[in-house]
Amino acid sequence: MIEPAYWLMKSEPDVYSIDDLCRDGSTPWEGVRNYQARNFMTSQRVGDRVLFYHSNAKPPGIVGIAEVVRLAYPDASQFSPESPYFDKKATSDHPRWWHTDIGYLAHFDRIITLDELRHTPELDDMLLFKRSRLSIQPINAAMWHVIVALRKKIMHR
DNA sequence: GCCAACGTTGGC
DNA sequence: GCCAACGTTGGC
């Protein structure tokens with residue numbers, strides 16, 4: 001059996017939230033226009049696990065899990081002059097931007113906030129803190145397990 | 001809404 | 001290939 005890889009993917013809830021993904025079941029992860037994020041996405045395989053992160057949210061944090069349901073294919077929006085994601089240097093023979101499809105798995109019972117992630121010593125090496133603008137990033141298996149365990153932890157205030 | 005961080009573009 | 005200008009991300 002092949003082990004899945006783990007990822008963190010950011011979305012602004014005002015644009016596309018985990019509730020939207022829950023409603024849709026799955027969605028094409030269109031519109032990524034950062035090379036490193038694209039390269040990570042093209043290396044995703046069906047069955048890989050995804051931490052769904054709400055950025056530009058109050059508070060920002062991980063709100064649930066999802067999975068990769070379709071391998072990367074060319075992003076149609078790069079070819080549409082009307083689209084805000086249009087890229088005049090992309091051609092159908094040589095697409096520049098690719099994306100996978102992401103499927104809903106579950107909401108967490110609570111948000112695991114950025115602040116809480118920062119204060120979890122096992123997560124010190126998360127790219128989230130070092131490369132704050134990278135919207136798709138790999139997560140190692142140990143971190144994945146720490147995070148999914150955190151969601152069951154009861155917060156004392 | 002502000003602004004620091006940082007990725008991209010394009011002139012040279 | 002450098003780097004200034006510019007645009008975007010995303011926390012606060």
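Scope of the values below: all heavy atoms of this structure, side chains included, with no hydrogens, waters or symmetry mates. The structure presented is a predicted model; accordingly, all values stated were derived computationally and were not measured. Labels below follow one simple rule: chain letters A, B, ... track the order of the sequence lines, proteins then strands, and each chain is numbered from 1.
Residue A:Asn56 is the one, among A:Asn56 and A:Lys89, whose nearest nucleotide of DNA chain B lies closer to the 5' end (criterion: closest heavy atom). Mapping A:Lys88 and A:Lys130 onto DNA chain B via the closest heavy atom, the residue that lands nearer the 5' end is A:Lys130.
Cluster membership for A:Ile65 and A:Phe52, using ILVMFWY side-chain heavy atoms within less than 4.5 angstrom, is not shared. The cluster map of Ile, Leu, Val, Met, Phe, Trp and Tyr, joined by side-chain heavy atoms under 4.5 Å apart, puts A:Leu127 and A:Leu114 in different clusters.
Note that CE of A:Met126 and CD of A:Gln137 are 6.5 Å apart. Values are rounded to the nearest 0.5 Å.
Remark: the backbone N or O of A:His99 is not paired with any side-chain donor or acceptor of A:Asp75 at under 3.5 angstrom. Although no hydrogens or angles enter the test, the distance criterion places a donor-acceptor pair under 3.5 Å between the side chain of A:Ser17 and the main chain of A:Asp20.
Here A:Tyr53 lies in heavy-atom contact (under 4.0 Å) with sugar-phosphate atoms only. Within the 4.0 angstrom heavy-atom criterion, no nucleotide atom of any strand lies near A:Arg33. A:Lys10 comes within contact range of the sugar-phosphate backbone alone, with a heavy-atom separation under 4.0 Å but no base atom that close.
Extent of DNA chain C lying under 4.0 Å from chain A heavy atoms, first and last nucleotide in 5' to 3' order, is C:dG7 to C:dC12.
When the side-chain hydrogen bond (donor to acceptor under 3.5 Å, both in side chains) test is applied to A:Asp48, the partners found at least two apart in sequence or on another chain are A:Trp7.
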